[in-house]
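Please read the structure below before turning to the comments.
Both ligands and their constituent atoms are indexed starting at 1 by order of listing.
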Amino acid sequence: MKNSTLANAINQAWPRISVTSKLDGIRSWSLQALDTCPGSIESPGVLVDACKGCYATTGNYVFANVKAPREYNRTDWTRLDWCDNMVQELQRDEYFRWLDSGDLYSLALAEKVLEVMQRTPWVKHWLPTRMHKFPKFRQVLDQMKALDNVSVRFSADSITGEYILGLHGSVIGPSADTFQDHPGASLCRAYEHEGKCSGCRACWDKSIDLICYPAHGRKMAKVFMMKQA
Ligand code: SF4
């Protein structure tokens with residue numbers, strides 16, 4: 001029995017781990033989208049374009065059983081033994097995705113995630129984030145980036161393919177054609193495989209500077225329509 005399953009069965013405090021169908025069964029620790037995403041705000045009441053079409057605010061993510069573990073995790077990480085629990089939970093994982101939804105909204109949380117990454121060198125960690133916008137997070141993010149087993153990708157805010165070379169590690173564009181001439185970039189081809197990674201692990205690959213995601217989903221289509229109106 002998995003540690004998380006065992007803990008749930010006896011109702012102990014334990015990190016809630018999720019699995020997204022896109023990622024070939026790779027597991028994730030997540031928080032509630034937008035509530036924990038200070039980097040999503042462009043100005044008061046206005047989200048950056050990339051977050052206006054966020055997949056984690058629609059579809060399955062609105063169901064109570066999907067929201068509940070994310071809300072639970074928001075306070076659970078403050079426990080003294082949370083890092084120990086996470087290290088134990090990841091004993092058999094080869095790949096791990098931090099924050100399928102949500103972001104590292106607290107510096108204390110970021111420092112704990114760094115500790116988990118340091119104590120699980122057998123796991124390849126992928127962390128997409130917008131917390132690089134806040135100077136106090138840069139040191140802990142740099143420490144994560146320095147680890148051989150960690151791929152930290154600063155997300156660009158654009159949905160039209162603009163990014164800052166050397167800063168951003170991922171960007172969204174309207175279609176695959178947008179990215180034909182991007183140097184050092186890798187195109188996400190999940191759209192060719194019914195939206196699934198299907199063995200691709202480019203997001204975890206530190207040698208790839210930039211991942212380019214063609215926009216998808218109805219909510220993102222609406223964002224494009226509003227931009228063109
Ligand atoms: S680039 Fe590869 S690993 Fe990343 S989301 Fe797309 S298919 Fe998955």
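- At the top of the distance list for atom 6 (Fe) of ligand 1, counting protein heavy atoms only, stands Cys188 SG, 2.3 Å.
- At a threshold of 4.5 Å between side-chain heavy atoms, the hydrophobic network of Ile, Leu, Val, Met, Phe, Trp and Tyr places Ile41 and Tyr105 in two separate groups.
- Residue contact annotation: Lys22 has a non-hydrogen atom under 4.0 Å from ligand 1.
- Here Ile211 has side-chain heavy atoms under 4.0 Å from ligand 1, and that is the only part of it that gets that close.
- With 2.8 Å as the limit, Cys197 counts as an N, O or S neighbour of atom 8 (Fe) of ligand 1.
- The Cys203 neighbourhood of ligand 1 comprises atoms 1 (S), 3 (S), 4 (Fe), 5 (S), with distances under 4.0 Å to a heavy atom of that residue.
- Under a cut-off of 6.0 angstrom, the local environment of CD in Glu192 is crowded, with over 12 non-hydrogen atoms contributed by other residues, nucleotides or ligands.
- Summary of contacts: the protein heavy atom closest to atom 2 (Fe) of ligand 1 is Cys200 SG, 2.3 Å.
- With respect to Asp84, the salt bridge (Lys or Arg N to Asp or Glu O under 4.0 Å) criterion is satisfied by exactly one of Lys112, Arg79, Arg119: Arg119.
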Run Thr36 and Asp103 through side chain to side chain donor-acceptor pair (under 3.5 Å) and show every step you take.
CA-CA 6 Å; Thr36 58; Asp103 207 344; over 6 Å; no

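- The CZ atom of Arg130 sits 14.0 Å away from the CZ atom of Arg153 when rounded to the nearest 0.5 Å.
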